[in-house]
Amino acid sequence: MRKVLTPAEPNVAWDGSRDQLFNSNLNASVAVSVYGAEDWPGIASVWSELEGMSPYGSFYLSADWAAAWMEVFGKLLRPQILVFEQNSAKIGICLLTSSVEQRGPFGIRRIYLNTGGERIAERTMMEFNNVLCCPGKEDAVARALWRYLRTRDWDEFAIQGIIPGPILTALEANALPKLPASVRVHSTYYVDLDQLRQSGLCYLDSLSSNTRSQIRRSLRYYSGKGEIKVEIAPDVQTAEKYFAEMCRMHQSTWLARGVEGAFGPGRRLEFHNRLIGKTYEKGTTHLLRVAAGEETIGILYNFVQGGKIYFFQSGFNYARDRRLQPGLVTHCSAIQRYMEMGFNEYDFLAGDARYKASLAKHSKPLAWVVFARPGIKRASIELLRVIKRRVKSLW
């Protein structure tokens with residue numbers, strides 16, 4: 001069944017049909033087709049096409065990321081796939097994923113842009129988020145997206161890790177201008193490998209004297225165990241072996257600190273195993289191992305796109321001697337190798353860990369934005385927050 005919403009029917013809600021079209025009364029030439037997770041196999045080629053046309057693509061918005069996520073989380077979270085069309089031409093695409101999250105005594109109905117909404121322990125951590133749309137169509141797509149969101153029942157619309165730019169501006173100015181927005185901005189630190197090559201320095205020599213001394217001391221120790229080797233897994237079978245070893249080291253480190261690691265058994269681990277299987281032979285993921293002789297120092301799990309390396313996760317072989325820095329040695333060795341291979345950037349992704357600022361001189365912002373619908377529930381939550389802050393101040 002197909003349901004058509006026209007500008008004369010602004011308050012008609014989506015009826016659950018798998019393929020629904022409506023025209024935005026803010027931009028009547030844009031229509032939105034809404035599909036379910038079960039329709040992904042037929043929509044994947046549309047996603048890939050728009051991924052290639054859009055200047056807003058990223059690894060997190062790749063068809064491979066979306067496909068792996070759909071396979072693991074699609075039946076559970078039942079996302080909607082929105083395809084934006086103008087004059088019969090497809091001009092944009094995104095996912096909307098819904099969840100109910102607790103805020104004190106209240107259940108908040110939240111809609112996420114693209115992949116999101118997983119349980120906290122399973123979150124896949126979206127960054128470099130955006131709407132895949134053709135250049136020049138940002139305002140039209142943003143308005144059509146808002147027109148559709150008005151038909152849905154929600155308290156918050158969340159955009160994780162979006163790059164400040166035309167899409168976010170269009171959403172703030174033309175789609176959601178009257179809704180209060182909570183914005184958190186985090187830096188993503190990166191090494192400019194082009195600039196480093198032009199300087200003629202090796203990566204280690206570009207670092208501060210303190211960081212250099214820590215790495216050199218560790219390298220002297222590791223060199224006593226054998227030649228320092230840096231290897232990117234040459235095939236998916238080796239990559240899967242490295243990934244399993246990385247997960248063991250990662251979990252061991254964090255569990256020893258009394259914190260649950262990111263790669264325990266569960267859907268998130270299944271997602272990354274599927275993602276590696278889909279992407280490794282294409283060269284868009286790397287498992288990089290740094291070793292001293294036969295002993296692993298560390299393993300990095302990286303994403304690759306557009307001449308850039310995005311460090312996603314790691315596992316390090318920590319020794320009892322706390323003066324050793326396997327993480328710094330692994331990143332330093334990897335960055336030097338990637339510079340020699342001709343890559344443009346090495347990005348540490350968002351986060352405030354001290355080592356990122358020590359190893360990278362450049363940064364750029366990513367924004368986590370939540371638009372909140374006003375209402376009694378929202379007012380009550382804000383009141384409770386004010387009371388909580390005042391009570392704390394009395395102590």
Test item: Met70 and Pro79 side chains (from C-beta on) under 4.5 Å apart, heavy atoms: yes
Inter-residue atom distance Leu132.CG - Ser58.OG, 0.5 Å rounding: 7.5 Å
Sidechain N-carboxylate O distance under 4.0 Å for Glu71, Arg267: no
Other residues, nucleotides, ligands: >12 heavy atoms within 6.0 Å of Glu260 CD: no
Ser208-Thr211 side chain donor-acceptor pair, cut-off 3.5 Å: yes
Solution key, residues 182-192 side-chain donor-acceptor pairs under 3.5 Å, sequence neighbours excluded:
from: Arg184; atom 1: NH1; to: His186; atom 2: NE2; distance (Å): 2.9
from: Thr188; atom 1: OG1; to: Asp347; atom 2: OD1; distance (Å): 2.4
from: Thr188; atom 1: OG1; to: Asp347; atom 2: OD2; distance (Å): 3.4
from: Thr188; atom 1: OG1; to: Leu349; atom 2: N; distance (Å): 3.3
from: Asp192; atom 1: OD1; to: Asp194; atom 2: N; distance (Å): 3.2
from: Asp192; atom 1: OD1; to: Gln195; atom 2: N; distance (Å): 2.9

Flag side-chain contact, heavy atom, 4.5 Å: Gln305 against Thr284: no
Audit row: Leu275, Lys278, side-chain contact (heavy atoms from CB on, under 4.5 Å) steps and yes/no: CA-CA 5 Å; Leu275 184 64; Lys278 291 178 182 296; 5.5 Å; no
Qualifying residues under salt bridge (Lys or Arg N to Asp or Glu O under 4.0 Å), relative to Arg248, sequence neighbours excluded: none
Any donor-acceptor pair under 3.5 Å from Asn302 side chain to Ile309 backbone: no
Short N-O contact, Lys241 and Glu245, less than 4.0 angstrom: no
Phe263 and Phe243, any side-chain heavy atoms less than 4.5 Å apart: yes
Minimum side-chain heavy-atom gap Arg274-Val72 below 4.5 Å: yes
Whether over 12 other heavy atoms sit under 6.0 Å from Arg78 CZ: no
Worked check of side-chain contact (heavy atoms from CB on, under 4.5 Å) between Tyr56 and Glu51: CA-CA 8 Å; Tyr56 306 111; Glu51 179 189 346; over 6 Å; no
Pair Arg109 + Asp153: basic N to acidic O under 4.0 Å: yes
Sole candidate of Glu85, Met53, Gln86, Glu138 that passes side chain to side chain contact (heavy atoms under 4.5 Å, CB included) when paired with Ile91: Gln86
Approximate separation, where rounding is to 0.5 Å, of Ile297 CD1 and Leu219 CG: 7.5 Å
Side chain proximity check, Glu345 to Leu193, heavy atoms < 4.5 angstrom: no
Backbone N/O of Val290 and side chain of Thr330: donor-acceptor pair under 3.5 Å: no
Residue pair Trp69 / Glu118, side-chain donor-acceptor N/O under 3.5 Å: yes
Contacts of Phe157 that satisfy ring pair (Phe, Tyr, Trp, His ring centres under 6.0 Å) - sequence neighbours left out: none
Gln251 side chain vs Ala262 backbone, donor-acceptor pair below 3.5 Å: yes
Value rounded to 0.5 Å, distance of OG in Ser358 from NE2 in His331: 11.5 Å
Heavy-atom check, side chain of Val141 versus side chain of Val30, under 4.5 Å: no
Backbone of Leu196 reached by a side-chain donor or acceptor of Ser199 within 3.5 Å: yes
Side-chain heavy atoms of Ile163 within contact of Asn130, under 4.5 Å: yes
Test side-chain contact (heavy atoms from CB on, under 4.5 Å) applied to Ile81 and Val34, step by step: CA-CA 6 Å; Ile81 310 165; Val34 183; over 6 Å; no
Flag, side chain of Ser54 to backbone of Cys133, donor-acceptor distance under 3.5 Å: yes
Trp254 atom CH2, over 12 foreign heavy atoms within 6.0 Å: no
Polar side chain donor-acceptor pair, Gln80 to Tyr148, under 3.5 angstrom: yes
Backbone of Gly293 reached by a side-chain donor or acceptor of Lys225 within 3.5 Å: no
Arg110 charged N/C atom sitting above Trp154 aromatic ring, 6.0 Å / 45°: no
Crowding at CZ, Arg257 (>12 non-hydrogen neighbours, <6.0 Å): yes
Qualifying ring pair (Phe, Tyr, Trp, His ring centres under 6.0 Å) pairs with a residue from residues 198-241, counting only residues at least two apart or across chains: none
Donor-acceptor contact present, side-chain Asn317 to main-chain Met249, <3.5 Å: no
Other residues, nucleotides, ligands: >12 heavy atoms within 6.0 Å of Glu294 CD: no
Residues Thr97, Ile111; criterion side-chain contact (heavy atoms from CB on, under 4.5 Å); working and verdict: CA-CA 5 Å; Thr97 308; Ile111 293 179; over 6 Å; no
Test item: Arg268 side-chain N/O and Arg123 main-chain N/O as donor-acceptor pair under 3.5 Å: yes
Arg216 vs Asp205, salt bridge (Lys or Arg N to Asp or Glu O under 4.0 Å): CA-CA, chis, key distance, verdict: CA-CA 11 Å; Arg216 284 175 173 155; Asp205 289 340; 2.7 Å; yes
Side-chain heavy-atom pair Phe73, Glu122 within 4.5 angstrom cut-off: yes
Sole candidate of Leu82, Ile93, Leu95, Val83 that passes side chain to side chain contact (heavy atoms under 4.5 Å, CB included) when paired with Tyr35: Val83
Polar contact flag, side-chain donor to acceptor under 3.5 angstrom, Tyr301-His286: no
Pair Arg119, Ser99: side-chain N/O donor-acceptor within cut-off below 3.5 Å: no
Short side-chain donor-acceptor distance under 3.5 Å, Tyr242 and Glu231: yes
Atom pair CD/CD1 of Glu172 and Ile167 - distance to nearest 0.5 Å: 12.0 Å
Test of ring centre spacing under 6.0 Å for Phe128 and Tyr310: yes
Ring-ring centroid check His250 Phe316, cutoff 6.0 Å: no
Short side-chain to backbone donor-acceptor contact, Ser218 and Gln214, under 3.5 Å: yes
Thr279: partners by side-chain hydrogen bond (donor to acceptor under 3.5 Å, both in side chains), with sequence neighbours left out: Thr285
Pair Tyr338 + Phe343: ring centers closer than 6.0 Å: yes
Which donor-acceptor pairs under 3.5 Å do side chains of residues 59-67 form with protein atoms, sequence neighbours excluded?
from: Ser62; atom 1: OG; to: Phe59; atom 2: O; distance (Å): 2.8
from: Ser62; atom 1: OG; to: Trp65; atom 2: N; distance (Å): 3.1
from: Asp64; atom 1: OD1; to: Lys282; atom 2: NZ; distance (Å): 3.0
from: Asp64; atom 1: OD2; to: Lys282; atom 2: NZ; distance (Å): 2.9
from: Trp65; atom 1: NE1; to: Thr115; atom 2: OG1; distance (Å): 3.2

